[in-house]
*Asks:* 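Before anything else, here's the structure in question.
This one's a predicted model, so the numbers in the text were calculated from it and none came from an experiment. Just so it is clear, the values below take in all heavy atoms, side chains as well, and ignore hydrogens, waters and symmetry mates.
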Amino acid sequence: MPELVIQLTRAGFLALLWLFVLAALRVVRSDLYSASGMRVPMPGASRSPGKSRGKSKAKTPRQMVVTHGALAGTRISLDGRPILIGRADDSTLVLDDDYASTRHARLSLRGSDWYVEDLGSTNGTYLDRAKVTGPTKVPLGVPIRIGKTVIELRS
């Protein structure tokens, strides 16, 4: 009987090891796609293209909403002034996140469009899974990821 228990324990550890290897490969794959700017389909994140995107082009953003992270539910009115995002105390949106830099990103109004700009952060700013390398226009409802925090512009 002890021989059977030992063999089952070995098989269980082997199964756990393979689960760990597969999870690590999944993380590496998503990081590679994220860095290259390619889109990876995310389960549960699909949107109906006709409903949200058709209406959003005619509307202008009026608020910035934190959708994920420690500050989820936080809303900031967009009044035309630039919004500084980071860990600094004088930021408009102060993030308590190890993956956010002191002065991480800035949202600014140019004409009638809002642009996000990475301010030389260590971990980068992502607009809909694409890394922001310069001032980039932010459409309504498109997620901006800074560390563990996800932000959207809404009307």
*Asks:* So, taking the atom named CG in Asp98 and the one named NZ in Lys148, what distance separates them when rounded to the nearest 0.5 Å?
*Replies:*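 One gets 6.5 Å once the value is rounded to the nearest 0.5 Å.
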*Asks:* Has the side chain of Asn123 got a donor or acceptor atom that lies under 3.5 Å from a matching backbone atom of Gly147?
*Replies:*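 The answer is no, because no donor-acceptor pair under 3.5 Å joins these two groups.
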*Asks:* Between Tyr126 and Val65, is there a shared hydrophobic cluster once you connect ILVMFWY residues whose side-chain heavy atoms come closer than 4.5 Å?
*Replies:* no
*Asks:* May I ask whether Val142 and Ile76 are part of the same hydrophobic cluster, defined by side-chain heavy atoms of I, L, V, M, F, W, Y residues being less than 4.5 angstrom apart, directly or through others?
*Replies:* yes
*Asks:* So which pairs with a foot in residues 70-92 pass salt bridge (charged side-chain N to carboxylate O under 4.0 Å, His left out), sequence neighbours left out?
*Replies:* Asp79-Arg81, Asp90-Arg103
*Asks:* Looking at OG1 of Thr136 and CH2 of Trp114, how far apart are the two atoms once the value is rounded to the nearest 0.5 Å?
*Replies:*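 Separation between the atoms: 15.5 Å.
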*Asks:* What pairs of donor and acceptor atoms, side-chain ones from residues 104-112 against any protein atom, are under 3.5 angstrom apart with sequence neighbours left out?
*Replies:*
unit_1	atom_1	unit_2	atom_2	d
His104	ND1	Ser101	N	3.0
His104	NE2	Ser121	OG	3.4
His104	NE2	Gly124	O	3.0
His104	NE2	Thr125	OG1	3.2

*Asks:* In the single-linkage hydrophobic clustering (I, L, V, M, F, W, Y; side-chain heavy atoms under 4.5 Å), do Leu140 and Leu78 co-cluster?
*Replies:* yes
*Asks:* Under 3.5 Å, is there a donor-acceptor pair between the side chain of Asp118 and the main chain of Val132?
*Replies:* no
*Asks:* Search all heavy atoms of Ala72 against all heavy atoms of Thr67 and return the closest pair with its distance.
*Replies:*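 Heavy atoms of Ala72 and Thr67 come nearest at CB-O, 4.0 Å.
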*Asks:* Answer whether the closest heavy-atom distance between the side chains of Thr149 and Leu71 falls below 4.5 Å.
*Replies:*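 A side-chain contact is absent here, since even the closest heavy-atom pair is not under 4.5 Å.
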*Asks:* Which heavy atom of Pro135 sits nearest a heavy atom of Glu117, and at what distance?
*Replies:* CG-CD, 4.1 Å
*Asks:* Hey, quick one: are Ile146 and Val150 part of the same hydrophobic cluster, counting side-chain heavy atoms closer than 4.5 Å, chains of contacts allowed?
*Replies:* no
*Asks:* Please determine whether the number of non-hydrogen atoms from other residues, nucleotides or ligands lying under 6.0 Å from atom OH of Tyr115 exceeds 12.
*Replies:*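 Check passes, neighbour count above 12.
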*Asks:* Does atom CG (Asp113) have a neighbourhood of more than 12 heavy atoms from anything else shown, all under 6.0 Å?
*Replies:*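 It does: Asp113 CG has more than 12 such atoms within range.
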*Asks:* Linking directly or through intermediates, with side-chain heavy atoms under 4.5 Å: list the remaining ILVMFWY members grouped with Leu84, chain and number order.
*Replies:* Leu119
*Asks:* So, do Phe13 and Thr9 sit near enough that their side-chain heavy atoms are less than 4.5 Å apart?
*Replies:*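 Result yes, sub-4.5 Å side-chain heavy-atom pair found.
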*Asks:* With a 4.5 Å cut-off on side-chain heavy atoms, are Leu14 and Trp18 touching?
*Replies:* yes
*Asks:* With the side chain counted from C-beta on, respond yes when Ile85 and Ile151 share a heavy-atom pair under 4.5 Å apart, and no when they do not.
*Replies:*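 Yes. Closest side-chain heavy atoms under 4.5 Å.
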*Asks:* After noting the C-alpha distance and the side-chain angles of Met64 and Leu153, does the key distance pass the side-chain contact (heavy atoms from CB on, under 4.5 Å) rule?
*Replies:* CA-CA 5 Å; Met64 180 181 76; Leu153 299 183; 4.0 Å; yes
